[in-house]
Structures are given as structure tokens and as C-alpha cells.
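Side chains are part of it too, since the values below use all heavy atoms of this structure and drop only hydrogens, waters and symmetry mates. Numbers restart at 1 for each chain; the letters A, B, ... are given by sequence-line order, proteins then strands.
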There are 2 protein chains.
Amino acid sequence: MQTAPATTGIDPAAPATPMRAGGPAAAARGEAPAMGIARSVHKDEEIYGEGDEARWYFKVTAGVVRTCKILSDGRRQIEAFHVAGDIFGIERGTDYHCSAEAVGEAVVVAYRRCSLEILAAGDMPLARQVVATALLNLERAQQHMILLGRKSATEKVATFLLEMADRVHVDAIELPMSRSDIADYLGLTIETVSRTLTQLERDGVIALPAARRNIVLRNKAALRRLNA
Amino acid sequence: MQTAPATTGIDPAAPATPMRAGGPAAAARGEAPAMGIARSVHKDEEIYGEGDEARWYFKVTAGVVRTCKILSDGRRQIEAFHVAGDIFGIERGTDYHCSAEAVGEAVVVAYRRCSLEILAAGDMPLARQVVATALLNLERAQQHMILLGRKSATEKVATFLLEMADRVHVDAIELPMSRSDIADYLGLTIETVSRTLTQLERDGVIALPAARRNIVLRNKAALRRLNA
DNA sequence: CGCTACTTTGATCATACTCAAGCCGAGTGG
DNA sequence: CCACTCGGCTTGAGTATGATCAAAGTAGCG
């Protein structure tokens, strides 16, 4: 078991306003197993950088977090968007392989790094969660690879919209991310994303209300057909 | 599907102690020993299909295995090539999310499915291996996503060649896979792969001996520069 | 030797990118 | 309240990269 308190001193990954979730109080109440440090992150604030030492892993409590890689010349690929309940930042080695940033205002809970060594500790529920998370993220990555490698722009956007809608279980989505984020997630440019959305609107498949971050799926069947 | 008899000592990296995952029941039914069943697979033979029930996971002993997804219209994305020592086929749910096929003649060792439940069995070395494998495959998938989403054809091919050379630690590669496999791995067409290789040869970066499956890296520095 | 599958090469085309301008809403200050 | 700016988004024109279609070259194998 880990202890959340400041035995480690100031946590470089949790500066400004660290709140405690779990902690001694929770432990006293016998709350299992999740002890971690809640941290609120501002829009575009970095949670950790690629190459940083991976001393924590995180669970999203509120908002959305993106994990991404950046090439030397600035080209960016967003690997995944993580929403409430999602876990990210579990690494095999000592360092993070992606960087993580808040898409908007977000709250994450930081847990002490646990990867292979956690298994030795014999905390089975935790180990189970770690494995399940890793495998879930792998599944999503595999799914995303066929999108990046083999789908057209229209198919990419359609898949994206359905993915987002599925997470909310509603057909009126309020996208938390910018066109730029969408583009870097889908391997497109912002112009192509914009044009594709406009075209889908013309075709009556979606509606784009004045606030451009809102999207209404008018014809899910058509989207699924585009989904390939 | 050919299954060879159990070959208990053949895999040096297999757990030294019998797994309990199969359980006494399996042994009583005279089923496969928990240690693993070696199986030789022919070129292009399917090891498992996407959607099949994931009752085994595999380690490559010889040859190369590809895991891939296929869209309804036949477009294919190869998620990874697995070489000797690599483990594939570990799933979170009940089914495989990719299909797996031998690239050439290959030998794999099948182990009874173990994912989350293995942790309950208390076999720590095995659990550790499972987790490490999942995380390694995730890292590779992340690395591959930025290639698929953001790299040019030349950069993709350069990255691929360096990747292959790294696996062999030699600068003269004998590619086990066809142009078609390379194309579907890199998200390109076979024509583009061929043209790119020809261009790299013209530039003196690589040499393409008569047997077109062979490639000599003449100028690794140049390749690394293209690697972005 | 001749088939077949794989690869290379060529010509043309289309998709998505680049560069550029304009639009719109939110926030700010006169 | 309006004018202004600023950032994000959309739209347009032209282009380039990689796809498609087609054909020819090459190796492996009966």
C-alpha cells in the first residue's frame, strides 16, 4: 500500500493546487484501494512530458486529457483522449513514452507509479486494474491504427464522431477539443477536418450549431456506413 | 491446424514452474500441458482470426508473425510484426481483436489464455511477463501511430528499415515479408513502397541486391535523418 | 520451359495538404 | 454601446504526395 502524504516532498507532477483524495482519512475509514492525490489542471497544461520519469500514473476525474507524441519538427500525433474514469500514464520502463496535457480544465488523480513491481506487492485488485488498463489502451491503439493507416478523411471523421457519441451516449456532442486536436488525433489537417464536417452537414448527416464545438448527429446510420 | 506434442524444454524463457492457470481439471481431461504447445505454422496460415475466442496466447519461437485488422472492403492494416521471443495474443476480453498469421514458415508456442484471471492464480513471474508484454506492445503501437498519422512515405520506409535492422543488429536485412505486408504495415500501397525503396537506392542510402527481399543499409545516418 | 506470383516502372488522377484570406464569437477597452 | 483585437474556425485556390490503373520485368517452381 502506498501513502499519499508528503513523505516524498513536493510532487513535481502536482504543483499548484493539490487536493487530497483518499489519504489518511480515507485509509482510516478503511476505504480501499485507491489512494491518490487529486490535481486540477488548466487547459493545455502539461501533466507530464515525454521522457519524464514515470513516477505516477493517473486517473481522469473530470474533463479530458490527451496523450501525444511530437516529432522533432513539431508534427504531433495524439494517441488518445482520456475521459472521466480512464487511466493513463502506466509505463513499462522508467520514463513516459507520451506527454499528457489537459484538453480543457480537468481533474486527475495521481497514484504512485506501479507497473511490474506492484505485482510483487500482492495487491491483486490493483494489479488487475493495471493489466486491464494496459490491455484496454492497447485495444484502442490497435483500433486507431487502422483508422490512421487505411481510412479516408471522411471515414476518419465519421469514426471519430461515433466514438465521441458513444462515450456520452447522446447524439448531441459537445466536443471538448479544438479542431487542431481532432486533426492531430486523426492524422489530418485542421482544414480537412473543417471541410469534412461542413460536407457532412451539407449531406444532412450532422448539424453544426453556431457554437462550433457542438455537433448533432442527425443520421447515425449514414455515419456507420462511412465508418467502413 | 497442426499441433505438435508438448515440448517441455524447448522454450528457455517459459516459466520454470508449471502454471496453475490450466488447473487440475485441464490436466485431468488430458488437455494440453500448462507449459505450452509448440505449433508450426505455414506461410500465410492463420493462427487465429479477429473475433475468435481468445483461449490461447502465443510466443514466437521461429519466423515472423503478423497481427492485423481488416476492414469490410478488404483494406488491411498490419498492427505489428512479431519475431522470435515476442508474445502476442493477450486479450482483455474474451475475443481476439486482431487476426494473426505466419509471414513465412514459423513456429509459435501456445499457452493457455491468461489475462486477468492469471493474477488470481498467484503466478508472479507469469503475471509479470503478461503485464510487461502488454505494455511493450502498447509502446510499439504508440510509436507506430505517429508513423501512420504524421510521417511521409519516405520517412515511413526509413523508419521501417531501421526498425528491422535494429531487430537483427546487422545492416544487411533479409526481409521476411512481402512488399504487400510492408505496405499494409506502413499504411501505403505496394507501388509507393517499391518506388520509395528504388529512390533510396538511387540516393545511395540503401542497396537492393538481386533478391529483392534483401536490403543493405549503406547510410544509416541518412536513414536516421529521414526518420524525423 | 512456361507458368505464376511478386515486384518494378510508367502515366494519370484524386485526395488531402499548403498557403492565403475572410469569418465569427468572445473578450477588452474607449 | 461600439470598435477593436485575438484565437479559433471556415472557405478558397492551387499544388503535391501518394493512389490508381496499366504494363512490363523477374524470380521461383512445377
Side-chain angles (χ1 to χ4, degrees), chain A residues 42-44 66 71 73-77 103-105 147-161 173-203 206-215 226 228, chain B residues 42-44 71 73-77 103-105 147-160 173-203 206-215 226 228:
Chain A
H42 295 298
K43 181 168 151 60
D44 294 326
R66 60 175 179 254
L71 294 177
D73 63 355
R75 280 175 288 175
R76 183 178 70 151
Q77 177 64 49
V103 167
E105 298 297 308
L147 176 144
L148 291 171
R150 287 299 180 214
K151 290 192 181 179
S152 70
T154 308
E155 289 168 339
K156 284 176 174 180
V157 171
T159 303
F160 172 73
L161 292 176
I173 319 169
E174 189 181 330
L175 295 177
M177 71 287 287
S178 66
R179 296 287 187 267
S180 172
D181 282 338
I182 300 173
D184 286 347
Y185 180 59
L186 299 179
L188 298 171
T189 58
I190 53 172
E191 293 96 331
T192 300
V193 170
S194 183
R195 274 187 252 272
T196 305
L197 286 171
T198 303
Q199 188 57 49
L200 287 173
E201 185 181 35
R202 279 204 201 99
D203 298 346
I206 62 172
L208 295 168
R212 267 33 232 317
R213 293 279 179 102
N214 288 33
I215 297 185
L226 288 171
Chain B
H42 295 298
K43 181 167 148 61
D44 295 326
L71 294 177
D73 63 354
R75 280 174 289 175
R76 184 178 69 150
Q77 178 64 49
V103 168
E105 299 297 309
L147 177 145
L148 291 172
R150 288 299 180 215
K151 291 192 182 178
S152 69
T154 308
E155 290 169 338
K156 284 176 175 181
V157 170
T159 303
F160 172 74
I173 319 168
E174 190 181 330
L175 294 176
M177 70 288 286
S178 66
R179 296 287 186 268
S180 172
D181 282 337
I182 299 172
D184 286 347
Y185 179 58
L186 300 179
L188 298 170
T189 58
I190 53 172
E191 292 95 331
T192 298
V193 170
S194 182
R195 273 186 253 272
T196 305
L197 287 171
T198 304
Q199 188 57 48
L200 287 174
E201 185 182 34
R202 279 204 201 99
D203 298 346
I206 62 172
L208 295 168
R212 269 29 236 314
R213 292 281 178 102
N214 287 33
I215 297 186
L226 288 170

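- Qualifying side chain to side chain donor-acceptor pair (under 3.5 Å) partners for A/R150, counting only residues two or more places apart in sequence or in other chains: B/D184.
- Partners of A/N214 by side chain to side chain donor-acceptor pair (under 3.5 Å), not counting sequence neighbours: none found.
- B/F160 CZ to B/L188 CG: the interatomic distance, rounded to the nearest 0.5 Å, is 11.0 Å.
- Looking at heavy atoms from C-beta onward, B/R212 lies out of side-chain contact with B/S194 at the 4.5 angstrom threshold.
- For A/D44, the salt bridge (charged side-chain N to carboxylate O under 4.0 Å, His left out) partners are A/R66, not counting sequence neighbours.
- B/R75 is linked by a salt bridge (charged side-chain N to carboxylate O under 4.0 Å, His left out) to A/E155, B/D73, counting only residues two or more places apart in sequence or in another chain.
- Atoms CG (A/D181) and P (D/dG8) sit 10 Å apart, rounded to a whole Å.
- The two residues B/I182 and B/M177 come nearest to each other via the heavy atoms CG1-CG, 3.7 Å.
- In this structure, A/E201 atom CD and D/dC9 atom P are separated by 15 Å, rounded to whole Å.
- With sequence neighbours left out, the side chain to side chain donor-acceptor pair (under 3.5 Å) criterion links B/T159 to B/K151, B/N227.
- The outermost nucleotides of DNA chain C lying under 4.0 Å from heavy atoms of chain B, listed 5' to 3', are C/dT7 to C/dA11.
- Only A/S152, A/A153, listed by number, bring a heavy atom of residues 147-154 of chain A to less than 4.0 angstrom from any atom of DNA chain C.
- Using a 4.0 Å cut-off on heavy atoms, the residues of residues 184-197 of chain B that approach DNA chain D are B/G187, B/L188, B/T189, B/E191, B/T192, B/R195, listed by number.
- A search for side chain to side chain contact (heavy atoms under 4.5 Å, CB included) contacts involving B/T154 returns B/S152, B/T196, B/L200, B/L226, not counting sequence neighbours.
- Looking at residues two or more places apart in sequence or on another chain, you find a side chain to side chain donor-acceptor pair (under 3.5 Å) between B/Q199 and B/R202, B/D203.
- Between the CD1 atom of A/I182 and the C1' atom of D/dC9 there is a distance of 11 Å, rounded to whole Å.
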What's touching nucleotides 27-30 of chain D from the protein side, N or O pairs under 3.5 Å?
none

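- Residues A/T189 and A/A183 share a closest heavy-atom pair of C-CB, 3.5 Å.
- Partners of B/I215 under the side chain to side chain contact (heavy atoms under 4.5 Å, CB included) rule, at least two apart in sequence or in another chain, are B/L161, B/L175, B/L197, B/I206, B/L208, B/L217.
- Remark: the backbone N or O of B/E105 is not paired with any side-chain donor or acceptor of B/K43 at under 3.5 angstrom.
- We find that CG of A/L208 is positioned 15 Å from C1' of D/dG8, with the value rounded to whole Å.
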